[in-house]
Amino acid sequence: MNPRMNKAELLREKFARNEMVVGGHVFTCDSQITEAMGLHGFEFMWIDMEHTVFSLETVLHHLQAASSAGCAGIVRVPWNDPIRVKPVLEMGPDGIIFPMINTAEEARKAVAACTYPPGGIRGVGPRRAQQYNRLSLADYLADVDKTFLRIVQIEHIDAVRNLREILSVPGVDLAMIGPCDLSGSIGLLGQTRHPEVIKLYDEIQRVCREMGKPFGVSIGAGDEENIRDFIRRGVNMLGCGDDTSYISMGCERTFKLISDALGR
């Protein structure tokens, strides 16, 4: 299989060596920004359907841009719904992120949506995922489970309580922490460095390490304390900052320089 269409295996190899990969989030519709971020060194692009107005066509363009830049294209679907997942899978993403997975049953539903029978419920109809028929269907089906990551987001106290059972579901590749929603689930919305929230990070890290599962986190570019903390924790997948925040940071820096030069 063409490595350009199977970056998931490259990421898995890094996880197996306990290395960290760094990615950025995509919230704007312009895929040129995705390509630019990839060319600046991000190893994966988190293409977000949960908190954006992205159409399926927009998602496809982002995946093509990520591929052009040589980084993995990973799509967060809006919900754990097989109907929403299926067309994204046909585009050949390098990973699928399922938000708010709180139980083993929800994890099994997510994996089933990604898996062909008899192991799951995915219908057959790949297009870009099959490299537009460059691969025979038999060859595609033989390796399909290796071609993308199945990532569950741990962003609720219930998920932390059920984490061992969630990670025991065959097909779950990685647990991704969502600090803001996780803090909100215990009544501390936005207080991602509160001692009670940090205790949840500790528990997630402990369970993932005990079970030999890689884990990641999704945080903002300006969240320096969390960035440093999760790097110290040996996080495997660091989703750090997004296109709109990087534009904002660049604008603020430029106007500060101008203001300083003018003596204001």
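- Counting only N and O atoms by type, the side chains of Gln191 and Ser183 include no donor and acceptor under 3.5 Å apart.
- Between Leu182 and Ile204, the closest side-chain pair of non-hydrogen atoms falls below 4.5 Å.
- For the pair Val26 and Met45, the tightest heavy-atom approach, listed with the atom from each and the gap, is CG2-CE, 3.3 Å.
- Counting heavy atoms from C-beta outward, Thr103 and Glu165 have side chains that stay 4.5 Å or more apart.
- The side-chain heavy atoms of Phe98 and Asn80, taken from C-beta on, include a pair separated by under 4.5 Å.
- Tested against Leu200, the residues Val160, Leu163, Ile177 include a single side-chain contact (heavy atoms from CB on, under 4.5 Å) partner, Val160.
- Atom NE2 of His194 has more than 12 neighbouring heavy atoms from other residues, nucleotides or ligands inside a 6.0 Å radius.
- Neither side chain, His62 nor Ser31, offers a donor N or O lying under 3.5 Å from an acceptor on the other.
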Test log, rule side chain to side chain contact (heavy atoms under 4.5 Å, CB included), inputs Phe15 and Val21: CA-CA 8 Å; Phe15 299 156; Val21 297; 3.8 Å; yes

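- In this structure a side-chain-to-backbone donor-acceptor pair under 3.5 Å is missing from Ser245 to Gly241.
- Side-chain contact between Glu155 and Met100 is present, with at least one heavy-atom pair separated by less than 4.5 Å.
- With salt bridges taken as basic N to acidic carboxylate O contacts below 4.0 Å, one links Arg206 and Glu210.
- Between Arg122 and Glu90, at least one side-chain nitrogen of the basic residue sits less than 4.0 Å from a carboxylate oxygen of the acidic one, meeting the salt-bridge criterion.
- Between the side chains of Thr58 and Ser55, at least one donor N or O sits under 3.5 Å from an acceptor N or O.
- Both tests hold for Arg150 against Phe148: distance to the six-membered ring centre under 6.0 Å, angle to the ring axis within 45°.
- Aromatic pair Tyr201/Phe230: centroids less than 6.0 angstrom apart.
- For the pair Asn18/Arg209, a side-chain contact is recorded, criterion being any heavy-atom separation below 4.5 Å from C-beta on.
- In summary, Arg76 and Glu50 engage in a salt bridge, as defined by a charged side-chain N under 4.0 Å from a carboxylate O.
- Taking 4.5 Å as the limit, every side-chain heavy atom of His61 sits out of range of all side-chain heavy atoms of Met91.
- Counting heavy atoms from C-beta on, the side chains of Met237 and Met20 never come closer than 4.5 Å.
- A salt bridge links Arg161 with Asp158: at least one charged nitrogen is closer than 4.0 Å to a carboxylate oxygen.
- Using a 4.0 Å cut-off between charged side-chain N and carboxylate O, Glu106 and Lys109 make no salt bridge.
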Intermediate values then yes/no, side chain to side chain contact (heavy atoms under 4.5 Å, CB included), Ile96 and Leu89: CA-CA 8 Å; Ile96 295 281; Leu89 289 170; 3.7 Å; yes

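- Using a 3.5 Å distance cut-off with no hydrogens or angles, the side chains of Thr28 and Asp30 do not pair a donor with an acceptor.
- Between Asn236 and Pro214, the shortest heavy-atom contact is OD1-CA, 3.2 Å.
- Contact record, Arg128 with Ser67: NH2-CB, 3.7 Å, taken as the closest heavy-atom pair.
- A salt bridge links Glu225 with Arg193: the closest approach of a Lys/Arg side-chain nitrogen to an acidic carboxylate oxygen falls below 4.0 angstrom.
- Using a 4.5 Å heavy-atom threshold, the side chains of Lys7 and Thr147 count as separate.
- Among all heavy-atom pairs drawn from Gly24 and Phe42, the shortest one is N-CD2, 3.4 Å.
- Note: Tyr116 and Tyr140 have perpendicular aromatic rings, judged against thresholds of 30 and 60 degrees for the angle between ring planes.
- When every heavy atom of Asp223 is checked against every heavy atom of Asn226, the shortest pair comes out as OD2-ND2, 2.9 Å.
- The two atoms that bring Ala66 and Gly73 nearest to each other are CB-CA, 4.0 Å, heavy atoms only.
- Side-chain contact, His25 with Ser218: a donor N or O sits under 3.5 Å from an acceptor N or O.
- Under a cut-off of 6.0 angstrom, the local environment of NZ in Lys86 is sparse, with at most 12 non-hydrogen atoms contributed by other residues, nucleotides or ligands.
- The existence of a salt bridge linking Glu43 and Lys14 is confirmed by a sub-4.0 Å separation between a basic side-chain nitrogen and an acidic carboxylate oxygen.
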